[in-house]
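Only heavy atoms go into these numbers, but all of them, side chains included; no hydrogens, no water, no symmetry mates. Atoms within each ligand, like the ligands themselves, are counted from 1 in listed order. Count residues from 1 along the sequence.
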Amino acid sequence: MNENITILRRYYFPKMNVFRQYSTLNAFIDQNSTLGLVPTMGALHQGHTSLIERALAENDQVIVTIFINPTQFEHSDDLKKYPKTLDSDIKMIRNISQKIIVYAPESSDLYSKSIKSSSYSFGSIENVMEGKIRVGHFQGVATVVEKLLTIFLPTNAYFGEKDFQQLQIIRSLVGQKNLSSTIVGCSTCRNNNGLALSSRNSFLTKNETKKASFIFEQLKIAKSLWGVESSKFIIKKIKNSFSNNHDFKLDYFDIRYEKNLLNAENKSENKVRAFIAVKLGKIRLIDNLPLYEF
Ligand code: PAF
C-alpha cells in the first residue's frame, strides 16, 4: 500500500476502516495489490466469516460490504424485518482482522437517482425456484452486485453456495457485462445437525432449529439414491417424506444441472444438485447439496 495512504488511514481511522461512502473508501484501495470483496447484507454468522477468512487468505486487501439491498426484497415488510446488527457485525469483522475494510453505505450512496433494479436477462437460471417464487429478487441482487463489482473492481468476489441460484446469476452477470472479477463459490457452512447457516436461522425457536436437521437429512437421502434411482423417483420420495412431516411445508424439491438449472432426469457427466425450499413454522429456509462426489 502506498505510504501516504497508510499514514492517512492511521491518522483518520486508527482502528475502524468503516466507510459510508465508496468515494472515500476508494482512496484506500491499493491498485497494485489483489482485492477480495465479500458482499453481505449483515447479520453475519460463521458462514460469512468463512467467506471473509478465505478472502483474506487469497488477497492482499479485503473489503466486506454490509448493505441491506432494498431492490432484492419483494415485500417492504421483509425488508423491515431483516435483522439489522451493524455494530455486532463490525465487531465480528474486527475479531477476524483489523485490516479489513468495511463498506456500510446508505442507499443513496449506491442508488443515487432512484432505488430501482436494472434490467437483465438470465433465462433458465432466473425463471425457476427462488426466481419464480420471489419475482424480481435476482434482478435486485444483480443490480447491487454489478454496482459493487464496478465500483471496487475486486480481483475476487466471494459468495456462498447456500444461495446457489444467486451464485449462478452472479456468474452469468459477470459474463454478460464482461466484468473482470473472478467469482468464488464457497461451500455451505452447517451447524452440528446439518442445518445450513443463514441469517434467517435467528428467527427459529430452539425446537425448530433442532427439527430443521430434517432438511439436510432429506438432501443426503437424495444424494444416496442419485445414480441408483431416477430423479422422478427421488423427488417423489422426498416430497412424500415432507408430506408426512407436519412441521414442514415444502415449496419445492428439485434436481437440477448446476450450469443452467434445468431439470436433470438421470445421472450424467454433468454436475447436478438437489435444491430445496421449505417453510418451518413461519420461517422459509432454502438449501442445496451437490449429488456428485468432489
Ligand atoms: O447473499 C446476500 O447476502 C445478498 O443477496 C448479496 C449478494 C449481498 C446482495 O445483496
- What is the nearest protein non-hydrogen atom to atom 7 (C) of ligand 1, stated with its residue, atom name and distance?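 Ranking protein heavy atoms by distance from atom 7 (C) of ligand 1, first comes Q166 NE2, 3.5 Å.
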Short list, please: which atoms of ligand 1 are under 4.0 Å from a heavy atom of [X]?
X    : result
V144 : 9 (C), 10 (O)
Q72  : 4 (C), 5 (O), 9 (C), 10 (O)
P39  : 8 (C)

- Using side-chain contact (heavy atoms from CB on, under 4.5 Å) as the criterion, point out the one residue from I125, N288, V128 that pairs with R256.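 Exactly one pass, corresponding to V128.
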- Task: Kindly indicate, with the supporting measurements, whether the criterion side chain to side chain donor-acceptor pair (under 3.5 Å) is fulfilled by Y111 and T71.
- Result: CA-CA 10 Å; Y111 292 90; T71 59; 2.8 Å; yes
- Looking just at side-chain N and O atoms, do N156 and N59 make a donor-acceptor pair shorter than 3.5 Å?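 The answer is yes; a qualifying pair exists.
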- Side chains of N17 and Y103: do they bring a donor and an acceptor to under 3.5 Å?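 No, Y103 and N17 have no side-chain donor paired with an acceptor closer than 3.5 Å.
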- Task: Please indicate whether any nitrogen or oxygen in T40 is less than 3.5 Å from any nitrogen or oxygen in ligand 1.
- Result: no
- Verify side chain to side chain donor-acceptor pair (under 3.5 Å) between Y252 and E130, making sure each step is shown before the conclusion. CA-CA 10 Å; Y252 59 77; E130 295 309 292; 2.4 Å; yes
